[in-house]
Amino acid sequence: MTPLDQPAAATAEPWTDGVPRLAAHDLVVDQGATRAVDGVALELRAGERLAVTGASGSGKSTLLLALAGVLAPTSGRVDLDGTPLSTQGEAARARLRRTRFGIVFQYGQLIPDLTAVENVALPLLLLRRSRREALEAARAVLDELRVGDVADRRPVDMSGGQSQRVAIARALVTAPDVVLADEPTGSLDSVSGERVMATLLGAVRERGTTLVVVTHDATVAAYCDREVRLRDGRVVEAGSGR
Ligand SMILES: Nc1ncnc2c1ncn2[C@@H]1O[C@H](COP(=O)(O)OP(=O)(O)OP(=O)(O)O)[C@@H](O)[C@H]1O
């Protein structure tokens, strides 16, 4: 079994300037008639890795989407480097999502008609990088995540673990400051899931990227710096992951 990444405490920087990379203040998010996130406060420094756990329906995915600025808060706010996302217009928020955030979903959500390398290059093409530059950068990240050999395959011809590595590569290719991952190994068996998670944890650690990962897996949570557990949209337990 591949061991998970080394604990991050040794490299975690102390607070330097007092401004967290990502912060939620009194965050409330309604989903239809449901108060999915109900007054969450969080502060994450650069390079910190947070696991969000909780039962199905406890608000984990909604919290993640609000942290990314995809879902607008009903009240409260999310700050990136001290600047509220909500004070930015939709176009500026969309640009922030493309440049500062990387998002990984449970089922990868790769575009089926594109090859792995084209899927990974896409965020760079959306940022108007040249096709050649984008494809080169995409191949480099695929190699790093040990899926360079499937670069020219379409998702249908990849295993679940390979697809998730490609999805992680797509989230990392723009060198985002924050990666948000929603059950990124939830569709995989435990051995394959652990390997993929080790890859993700190692890659963000190497880059000093802040990570918020929604997980049901206690092992994953244990290797993050911190864990918060949600119940009915509220943080019921917050503590060190280790
Ligand atoms: N689009 C929506 N419309 C209405 N209610 C929603 C919507 N999305 C989520 N909800 C409700 O909001 C609450 C939180 O859902 P959310 O998906 O954030 O939880 P979760 O912890 O991520 O669950 P899971 O582990 O099953 O993915 C649940 O009660 C859910 O039914």
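Counting starts at 1 for both ligands and their atoms, following the listed order.
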Kindly indicate whether atom 12 (O) of ligand 1 is approached by any protein heavy atom to under 4.0 angstrom.
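So atom 12 (O) of ligand 1 has protein heavy-atom neighbours under 4.0 Å.
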Do protein heavy atoms approach atom 30 (C) of ligand 1 to less than 4.0 Å?
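So atom 30 (C) of ligand 1 lacks protein heavy-atom neighbours under 4.0 Å.
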Indicate yes or no: does Glu133 engage Arg128 in a salt bridge with an N to O separation below 4.0 Å.
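No, this pair does not count.
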Check whether the side chains of Glu227 and Thr53 place a donor and an acceptor atom closer than 3.5 Å, and report yes or no.
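On atom types as modelled, these side chains qualify, holding a pair under 3.5 Å.
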Under 4.0 Å from ligand 1, counting heavy atoms only, is it the side chain of Thr34, its backbone, both or neither?
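It is the side chain that touches ligand 1; the backbone stays farther off.
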Does any non-hydrogen side-chain atom of [Y] lie less than 4.5 Å from one of [X]?
X: Leu200; Y: Gln164; value: no
X: Arg21; Y: Asp81; value: yes
X: Glu48; Y: Glu43; value: no

Of the listed options [options], closest to [atom] (non-hydrogen atoms):
atom: atom 25 (O) of ligand 1; options: Lys60, His216, Arg231; result: Lys60
atom: atom 1 (N) of ligand 1; options: Gln106, Glu183, Gln31, Arg35; result: Gln31
atom: atom 26 (O) of ligand 1; options: Gly186, Ala36, Ser56, Ser58; result: Ser56

Does ligand 1 come near enough to Gly59 that some N or O of the ligand is less than 3.5 Å from an N or O of the residue?
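For ligand 1, there is an N or O atom that lies under 3.5 Å from one belonging to Gly59.
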I'd like to check which ligand 1 atoms, numbered from 1 as shown, lie under 4.0 Å from a non-hydrogen atom of Ala55.
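Going through ligand 1 atom by atom, the ones under 4.0 Å from Ala55 are 21 (O).
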Which atoms of ligand 1 have any heavy atom of Thr62 under 4.0 Å away?
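Near Thr62, the atoms of ligand 1 are 15 (O), 16 (P), 18 (O).
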Heavy atom of the protein closest to atom 17 (O) of ligand 1 (residue, atom name, distance)
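For atom 17 (O) of ligand 1, the nearest protein heavy atom comes out as Ser61 CB, 3.9 Å.
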Got the closest protein heavy atom to atom 14 (C) of ligand 1, with its distance?
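For atom 14 (C) of ligand 1, the nearest protein heavy atom comes out as Gly57 O, 3.5 Å.
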For the residue pair [X] and [Y], what are the closest heavy atoms and their distance?
X: Ala72; Y: Val29; result: O-CG1, 4.1 Å
X: Leu180; Y: Ala68; result: CD1-CB, 3.3 Å
X: Pro184; Y: Val104; result: CB-CG1, 4.0 Å

Heavy atom of Ala33 under 4.0 Å from ligand 1?
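Contact check Ala33 vs ligand 1: negative.
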